[in-house]
Structures are given as C-alpha cells and as structure tokens.
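Structure first, then comments.
Quick note on labels: first sequence line is chain A, next is B, and so on, each numbered from 1.
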Protein chains: 2
Amino acid sequence: MVNKKNDTYLCWLSHKGIKKSCYKEYLNNILVLNQSKIIDSAVSELKNAFMQAEAGKDVQNIYENEKEIIGHKYIKLCIEKNDKLVNEGYEIKYLMTAEKKECITICASDDKGILYGVFALLRLIEQNFDLKSKEIIENPKKNIRIVNHWDNIDGTVERGFAGNSVLFESCRNKDIMREVMDAIGGITATNKALRKAFNDDYKVADDLERINDYARLLSSVGINGAVINNTNVHQAETYLIDDKINIVKIISEILGRWGVKTYLSINFAAPITLGDLQTSDPLDKDVIKWWNKRAEYVYSEIPELGGFMVKADSEGRPGPFTYGRNHADGANMLASAIAPYGGMLIWRCFVYNCRQDWRDHTIDRAKAAFDCFSPLDGEFPDNVFLQIKNGPMDFQVREPITPLFGAMDKTNKLIEFQITQEYTGQQKHVCFLVPWWKKILSTPTYANNSTDNVEQRINGIAAIVNVGNDENWTGHFLAQANLYGYGRLAWDSNISSEQITEEWIKLTFGNDPLVMKNISRILMNSWETYEKYTSPLGIGWMVSPGHHYGPDVDGYEFSPWGTYHRADCKGIGIDRTLESGTGYAGQYNEPLKSLYNNLETCPDELLLFFHHVHYKYILKSGKTVIQHIYDTHFEGFEMVEKFIDEWKDVEEFIDQNVYIEVIERLNIQLDSCRDWRDQINTYFYRMSGIEDEKGRKIY
Amino acid sequence: MVNKKNDTYLCWLSHKGIKKSCYKEYLNNILVLNQSKIIDSAVSELKNAFMQAEAGKDVQNIYENEKEIIGHKYIKLCIEKNDKLVNEGYEIKYLMTAEKKECITICASDDKGILYGVFALLRLIEQNFDLKSKEIIENPKKNIRIVNHWDNIDGTVERGFAGNSVLFESCRNKDIMREVMDAIGGITATNKALRKAFNDDYKVADDLERINDYARLLSSVGINGAVINNTNVHQAETYLIDDKINIVKIISEILGRWGVKTYLSINFAAPITLGDLQTSDPLDKDVIKWWNKRAEYVYSEIPELGGFMVKADSEGRPGPFTYGRNHADGANMLASAIAPYGGMLIWRCFVYNCRQDWRDHTIDRAKAAFDCFSPLDGEFPDNVFLQIKNGPMDFQVREPITPLFGAMDKTNKLIEFQITQEYTGQQKHVCFLVPWWKKILSTPTYANNSTDNVEQRINGIAAIVNVGNDENWTGHFLAQANLYGYGRLAWDSNISSEQITEEWIKLTFGNDPLVMKNISRILMNSWETYEKYTSPLGIGWMVSPGHHYGPDVDGYEFSPWGTYHRADCKGIGIDRTLESGTGYAGQYNEPLKSLYNNLETCPDELLLFFHHVHYKYILKSGKTVIQHIYDTHFEGFEMVEKFIDEWKDVEEFIDQNVYIEVIERLNIQLDSCRDWRDQINTYFYRMSGIEDEKGRKIY
C-alpha cells in the first residue's frame, strides 16, 4: 500500500514550503463568503497547508462574515463580478482593511476560480513570492484542459508505466492479473484476450482517498477534465454507459469536488456490443434513437458528465467507415444525442491505414488525418471537438506539427499531447517534455495568411496522462514534472519552461540553490538528450515493436504500420516533398509548405522526416548527416552520465527514498542509452561504411 | 473433438491399402505362439487392418497352435532364436507348409520384434510388395530411437505447432488457457507466469484412445522411447516425480503396450523445488541420498521407466555450474541413482551463454558445447548418454555438424533432431526434413582418422516431435511425413529419402502415379526451397525474435543470444576461422577442419557460417554472394508457386478436407515466402547497393 504519511507522497502538493512562509498565519483565519462543494475543497486545501505548516494543527477560524473576524491576518475567498476575470480565472491581492487588518483576498467569478486561486496562492507563498508587491490576475487561456486516461476497468493501463490504474480495479484475481501483466511486460493486443479471460466484475479502485488526492493534483495545476477510460474501449468498458455506470458516478463525484469534469470514452459499436441492435450505422434511425435514449439515461445518472470521447475507424476500432459514412456523420449523430445536456463530443483524428504495405512508397501515414478530416470542415456542430495529435505520426520525440492545425477554421480543435512516455523512455528515462510541448504550441501555422501559431488555433488541450498506482504516481519521480508542467502549460502556454521547472523543483524539493541548479539542468536538457541518443533528425521510430521500449532500427521497417526510415547504403529519410515524394509537405500553409518541402530550408531536426538524403549531405550545422548521427549518439550518452553526476551531487538535499528511486532509474537509462548509442551507430556505420571522423569505438 | 471415424485420422496407419492387397485373406487366420501385452498389440493391429479391408468384419480365427488351423492362408507370429536377428529385429517370410497351407511368418527374438514385424508386414502388403519374392530381415541400426516432447502438463507445447498436448491437459480453465495462449501467439518466457497464474491441477489428457493411437503411430515406424515432458521443467512438472507420478504411470502404461518406453525430463533443482533441501549440489551427500531415494520411489511406481533427461545450465535452467561442479559431476550423480533399475540418463549438450554481448566478436556460441563437454570424455558411466543437437547452433535450416560427434570416443552419444518445425516454417510451410537429416547422418567426422560418419559415431537418435491435438496430428498434413520419416531413419538411416517419401505417400494417399509424382516432388524439394527463401549460405536466423516465425533480418543482430550475421555494406558472415576468427573451425578433425577453415574449400552452403566475405565474392557455383541471395530468393518463391500448382493438380485424388487444409497452408506459405523474399532481398540490396543482374523488382 502507498504510504500517505510519506513527506513526498503528494508530489508538488506537500505544502512543505508553508513552514517557512511569512504568510502562514493568514491561513489560520479564513473568511468564506460563498458556499459550494468546490469552495469546500478550496478551504480544505488551505487547511491541509496549515496543518503542514503547524505540524498537525487545524485552522482555528472559518468565518462566513467579515465582521466576526477576530485575528489580524486572514484570507478571504469571494465570488464577485470582475471585468478582468473570465470563468475559472482569479485575482489574488493583499490589502490592509480599514480596521488595520491584513487580508489576502482571492476573488473569482465562479467557485472554480476560487479553487484555482487557492492553489495559486499556496504555490506562490511556498515559493516566497512577495504578495504585497503586486496583484495577481490569472485567466486560463483555454477552457478545455483535460487529461486522457488509457485505463481499462480491470485496472490495467495501456501504455502505462507507473503501475495499475488509480481509478479502476477488478474485484478478483488481482494478484494473478498483476503477475501476468508483469510477465507479459505491458499492455498489448494480447490483453484483449487476457481481459476477457479474467472477465470478473470490476469496480472503482478501493483507495478512494487516492482518487481524491489525484483530483487535487490535477486541480492544483488547473486541469478541469479527465477522460477516465481508455480510448480503446473494449467489451467490458462498453458497459460504463450501461450497468457499470455506478463506477463512473463515484469517480465523477470525487473528481467533481475539485472542478475536474469526467468524460467517457465510448465504443462506437455500443448499440451492437450491448446487444440491442444489429448495426451502428450513424444514419440509421434506430441507432440515432438508441444513442438519444442512452444519452438521456447517462445524463440522468450523471448530470455533470463532461461528454464522450471516440476513437473510430482506427487501429481496429469500429467507426462510421464500416457503414460507408464519414466521420462527420459519426460524430454529429453522437454530438446531437448529448447536446441537450451540454455534453461535449471529442472525436479523435488518429485515423490511418495500419495495414499498409511497406513496399508501397506512395502511401504515407502522415497524410491520413488531414486527408480524412479537412474536407469535413464546417460540417461539425459546436459541441464537437476534433482531438488532433501534436504531430502527424504518433508522439515521436520529434515531429512537425499536424497540418490540420493550420486548417479547418470552422471546426473546434483540441491538441493531443502524450504525458505518458510511450516513445520517450517509458518513465525509465528522464525526459521532461515541457520544452517540446512549448515548441509545438508556438509553431506558426500561417492559417489564412496569419501568423497564428498552434496555440492560437486550438480551443483546448488534452494529453494522455502518466499516472498510476506506483507510490510516486509516475514511475519515475522526475516524471511528476511532466504532469505538473502539462497542467501549467494548459492553463497558460506562455509560461516559460524555466519557470515551470523552477516552480516544480521548489514545490517538490525546496529552495536549495544546488538542487535547483542540478535538477533544472537535468530536466531542461533531458528531452534533447533523449532525442540525441535515439532516432536522428526527425526520422522517428527505430524502437522495438509492440512495447516500444529500446532500440530496434529495423523493428518497424518491414511492418504494416507505416513507420519507416528507408535507410540504405547511400542515405536515409522519407521523401515527403511535392515533387518526388508523397506530397505530405503540401498539407501545410505557405511558407511552412516551402520551408519543409525545400531541402535547403528544411530545419535539420526535421530533415529526415521530409527528405531522403545522402549520409554525406551537409546539415545547416555544418556536419554531415552521418557524422551528426555519430556525434549526437555519443553526446547523448555523455549527457546521461552527467545527469547521474548531477543527481549524485544533490544526494544530501533529497529524501533518501526519492534519491535512490531516481538513481536507479538513471542507471537503467544509462544502460538503455548505451544500447541505443551502440545499435544506432553500428547500424549506420555498417550501412554507410563511413568512418567516424573522431575515431570513436563503433562496434 | 477429433473425428476418429475419418479415413485420414490415423495418418499412414489407415490401412486403406489392405483392401486391394492379395494378401488380405491371410489376416483372417492368425497363429500366435507367444503371449505378452506387446504381442496383443501386434495382433490387434492385424485385426485393425483386417477390419479396414473387410469393412468392419473381425478377424475370424486366432490360433495358439498350428495344428488347429482350418483355413489355408494364415499369418504366424513367433519368438524364436535366430542368429540373424538382434533385439527388436524381425524376419518376414512366405512359406508353403507341408500341408500345402500358405503362411506368412513373422519371427523375432523378442515381442517388440514381432510388433515391428507386423507393422512392416502391413506396410509392405499395402504397398503391393511381393512377399513371395524374398525374405525380409530387418534389424534396427540403433537401440535408442526416441522422441522428445516439449509438452507442459498444463497442455501447452513449447514450440508446438499442432495444437495442445496429446498427453496432458489441465483440469480447469481450459478454454481460457487456449484463448490466452492463442492471443499470445505461442509459448514464451511469459508462459512461466501464465502457467503459475493458472496453477490448477493437471492430468493425463482425457482422450486416452488418442494417446494409444499416438503410440501406434510411433511404434509403426520403430520408435521405442518418448521423453514425455518438456526439457524446460517448470515448477508443476517437477512434481511428476512426486505427487503427480500417476500421470506418468498412465501414459507409461499406454505407451508401453506399443513398445515405447517412457522417459521423464527432470528438474536438476528438484531437491530444492520440492522443498526438501537447500541445495542441489551434485556432490552434496544429502542431495545424493535424496536422488537415490527419489529414484527408488519412481522406479517402484514405474519399473519400466526408461530413465531421465536433463537440460542443465542452459537458457536459465539450473545445473551443476551453480555449485562450481561440472556436467560429469551432475550427470553421474543422477545416473548412479537410476542405474540399479536399468535407467538411462540423457544429458543435453545444449549449453551456451545466452547473455552474450553482441559487441564482443570473440565469443562464439557455436563453440560452447565442444568446449564444455569434450574435456569430460571418459568420465561418464555406461548409462549416461549425451544428447547433442545435429548442429552447433539450434536447428537452423542449414548448419555444419556439431564437432562433438567427431570427439568423445569414450562417451555414449545421441544425436538430437527437431521434427517440430521451429525454424523451418512452423508447420505452416511444407518442409520435409528427411533429406537434411540424412545429409547430417552421412557427414564424415574423421574421428580417429577414420571415415566414420555421424551415424556411425552415435549410439542412438532423438528428436523433438511435431504432434499435437490438431485433428491431423501435425498441423500441416504433409508434416506427418517428417514424423514417419524420422522413425524410418532412426531404424535404418540407409533408407533413401526417396523410398521414405514413396512409402509415406502410398500408405497415406494410395498408389496413384500423379499423386506420387507431385507430392514426392513437393516433399523432396521442400527443404531446399525453404532454405532458398530464408537465410542464405548457412548464416541462419534472420527470424522474428521470440516466436521465430517470419523474417526479421536484424531480429537477433543486437541481442544477447549469440546469433548474428554481421552484415555491413561490404559483406556478410561470421569469421569462425582459426587465423582471424573465433577458431570454431578448429573443433573439427582434419580434413574437415581445413575444409571449413579454408575459404577456397568451404562449401557454398556453409560459407557464411565460417567466413565473412564480400558481397561480390564468387561462390563455387560461379555466382557472387549477392547474386546468389537474389536468385535463390526469387527461385524459392517460384518453387512455392509450383508446389501450389502441383498440389492443385492432384485435387481429385485427395480427400477433400485434406486437400483444403493443405492448400490453405500452401497459400500461407506463399504469403510468408513473399515476405521473406522481399525483406531479405530489400535488406541486402539496401545494404550492398548492388543491383540484381536480372533487374527484377526489389523494393
């Protein structure tokens, strides 16, 4: 069982920093002018913090009326009209009252704003921010800030690297399940059968307090929605909108207290799977009626439900294509069913042919989403949101942005990131993704000849979350920073990576300057380091098939998944140009189109994504492609060695358990990174026959 | 359930051919001069045959005394001293008695000889052999002719490609188990946990009649022993010498009726696993005592048990190395425990380092068995038999012989073949292995400056069997020929491949000349065809890791398994020479040593096993290595197309179900063979940059 007494249990929410804060006595008197469950949560968080500061002491006074206040320092929470605030935004200011009382007020136009304000206040005072120096006004840049769980209701997590689900568990056979899962080494196609094999009853995870703590973590960084079940909806999960709806109700109730709306992944074929109809054709009258009735039922049970998410016609999932319908037909029918209840319909754009013939160089998976969805612009109603992966492939360490962000002006769009490190070291490697996400969000799309970047083109943000039942929530302790950072970016993508890093380190580890220096160096360098020792120059993949961990250069080269490098003895890369390639570059607006299409202007880091070049092609860096490969792979390894040194240097300042956990993972990373370095270098040395200029050891 | 009424159910033992035989009326009168369970079996087989011939009619007369015979034609079975016969041998002759009765006598010096004689007689008359033309005298060349089962007692079969075990099944969860196994796609390390997860009770397979039929099949081709459980002895199977011994008793009883001795794979760590001791050190007094007592117990329960087989210190199995002992220490301790009961101790030589670093070119898995065992020659007692794989690696489509066959004069040796087609198409591809086995057995070893070939150097023969609960026993119907052929070769390795093929086709499909021509062409060409489209020139592997099906050129290239090709842009092959390589060639006796060591004399088909050469190196065939790769891969594909045509041409002569089964598998083979052709050709075209001289399509 997870040790909740542990100082490090609640990640950045330990409130340890309160102890040294000059504002801590304010927490002892709280004036609460409005009532709601969410405001109760806000107050409870202040109490939690005070308890941390005063070694277990409860807050003395909760007031409902300003006149009753006895103490001289207090915090005031109030909902009031304020032109500067949008929903969920907050204002924090220090003021001296007429009676010479000192007050910190948190104002907002709704209770969620109060909650976010409380978390912000705690975050600020734990970092020694001088509240008297200025007023804080914060509005979220986007209203939709959600996480996606790929959790199955048997408690397993697809692409989960931090243990089983925090939300679900199966009632029986848990030990067996875990053992089998461990033995199999993750969740693969296999598990469909396994899940069926272990088809017992499922339920909400026993540890409701942990679900509550999880909701606190999400809320504390401004996340306001969670799709609670796997986008691949299997047989059992289909019943979440049927006789298993109580599971959803319980989770929804807990998350809701913290302002986190619950969304459900649904099975497009549910009318068939649940045994009611012979078809799921979205234009069939009975199907429409069925979904209308089902939506009515679901919302009668859970009025606050955020909506549904659908992965259709992708990787074996059912969808409208089965019936000769398009994705607007599919999405709109469902959207219409939930619209009366304010429901949102999230429709994923991860649609491509996963049975491609590697021999055929004209098919290009990267083109699929744009080809499928852009013709449908204008056909979706207001409550449909297309969820689009950041890149056209699948969460590689480097990809260009998905061209759809620069298109579909008349369609609501969400960006989809992946916090869980499927392709970025699986929480065995440290890989802080915030700099990468910021880069993506700030990439200009040139839509309608504007300079609008991705962030400006989207209505919200979503990401597959990285948490599980491991004691530290994220498997790798440092991977907590990705969840923290995701939330902070979702709230405001203008916050710098450096600020996020600094916040997270201070809240998690305290204020020691060496800790700050070393851990921020590790985090800030980790993504580019991971890129250095894995696949080069935007080519992607080169991972072991199935589980996606560790190098296998040709692992997907002759597979049907559409993910190739096309290396031969002369060169490497996918030609996606308009003239001689697949034409994918043409999906971008100018000048991006020309930038990528043109070998001379294409940025180094995406060169092999767009062009097939000779190993001796000279990069903008001045190096040849092959020398770049060798150099980055040696450098990446050396960087990880440095991470280890830097981590060792802070041992005395870090909780011993956390120190050990992280050093163990860093050593695993070093081993794995050595494999990457040597396999990639050897592969390309053997292939090209070109010597390393620096004469280093290539096997 | 298997349809036993089906005409094709019992493979080559249908006795269909009897109907047209001029000798069939002899079967109606059988004179039996001796009694034993095995002779009962022999008589029952004659009855079975008669029943086939006469549409269900029973044999009319069984006599125990020659004088009582009423009919004019009869068969006589008698044990008698005969200088021309060794144990298990038989004589078949036709004679006219003084009373003008016509008699076919089967004489032998023991009851097993009678049984083999009966099977031989039936085989001969079903093929229209003229018994009057000559006497038949047949003695087995080897006394030890066994099959190895890699069956686990939960009913799964490691590297089994014909369904679950015919011998074992688990009592519960059978459907689940099958489903999970199917989903996982075979038996891997995973299954250790799965087996534990499903740790129910196990038992002998329900269908005892099928076990009996299986024993008939083995016996009919002269196989006289079966190791009934997997060489990798897991937790549950360890109890076969403990509280699960009844399972062994039942199987042993059934097999025994047909002259097939039962052997058990045992766990070297059984004293620990069974919870009795803290050590399995073979020199520890308590361990010795433990095994003595255990042997006493096992033999008191099953006096006819053939003995034990051990895989020690290999691929994670426990062994004497754990205690700083050598393999003679381990084997001899066990051999001594079972010697008093006439038990045989089979000790596998498949010992190598499976955690090798691919970067280190000096370690050579091929050398391991010789290095480990040859120093121990003379240290093993008479009842120890070293079981040595045919080649130094692991049942690849082409390997040189294991050098141990040319060494260890003072040690009993068995050769180990693999009938189950782990690396030769997994019973989805047709691959008739008899020509390959014959080639191995006839390879000279030059031991002690003699010309002794492998067959002359061994004391017996063993093979991992290819049967399972698929209705046709072997998955691919044509794979029955491998089991048939293995038995026939084990009896007498001088029988030609052509004769074995002809026998099997006649007994299985009848005497139609087109059937004979086409199926024998398919069979006789199938092994070399498989070689053509898979890994070239003796290099081996290039299979998908884990399940070992389908191409993956680099699948094992960066793995710890010691199985590499070392291809780069210039050339390919493993240098195993004495001068510049691993020195493996030095393990052979002269002139084999020089033959292989010398680039100029090394046969083409093993070139890359012994030498690293340039792609433009010219083979003895006159082709370059790269052109050979291209040509053979195109040829192999065309051959499979031909097999399909040849099979289609015999449709009208073949049982419809069998026809369809085989055509389906041939089509699967064609698809897979296209994958092989294109992946191998593309890989080497990309790598070498050298064009195909004939300008064919390489992707």
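- Rounded to the nearest 0.5 Å, atoms SG (Cys569(A)) and CZ (Phe684(B)) are 13.0 Å apart.
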*asked:* Using the rule given for side-chain contact (heavy atoms from CB on, under 4.5 Å), can you reason through Arg686(A) versus Arg566(B), listing the C-alpha separation, both sets of side-chain angles and the distance that settles it, and then say yes or no?
replied: CA-CA 9 Å; Arg686(A) 288 186 182 183; Arg566(B) 305 252 163 75; 4.0 Å; yes

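- Atoms CG and OG1, from Asp568(A) and Thr682(B) in turn, are 11.0 Å apart once rounded to the nearest 0.5 Å.
- Arg359(A) places none of its side-chain heavy atoms less than 4.5 Å from the side chain of Lys697(B).
- Within the 4.5 Å cutoff, the side chain of Tyr699(B) has no heavy atoms near those of the Asp360(A) side chain.
- In plain terms, the two heavy atoms of Asp554(B) and Tyr683(A) that are nearest each other are OD2-CE1, 3.4 Å.
- Only the backbone of Ser688(A) has a heavy atom closer than 4.5 Å to any heavy atom of chain B.
- Counting heavy-atom pairs closer than 4.5 Å to chain A, the top residue among Arg674(B), His361(B), Lys570(B) is Arg674(B).
- Among residues 555-562 of chain A, the residues having any heavy atom closer than 4.5 Å to a heavy atom of chain B are, in sequence order, Glu557(A), Phe558(A).
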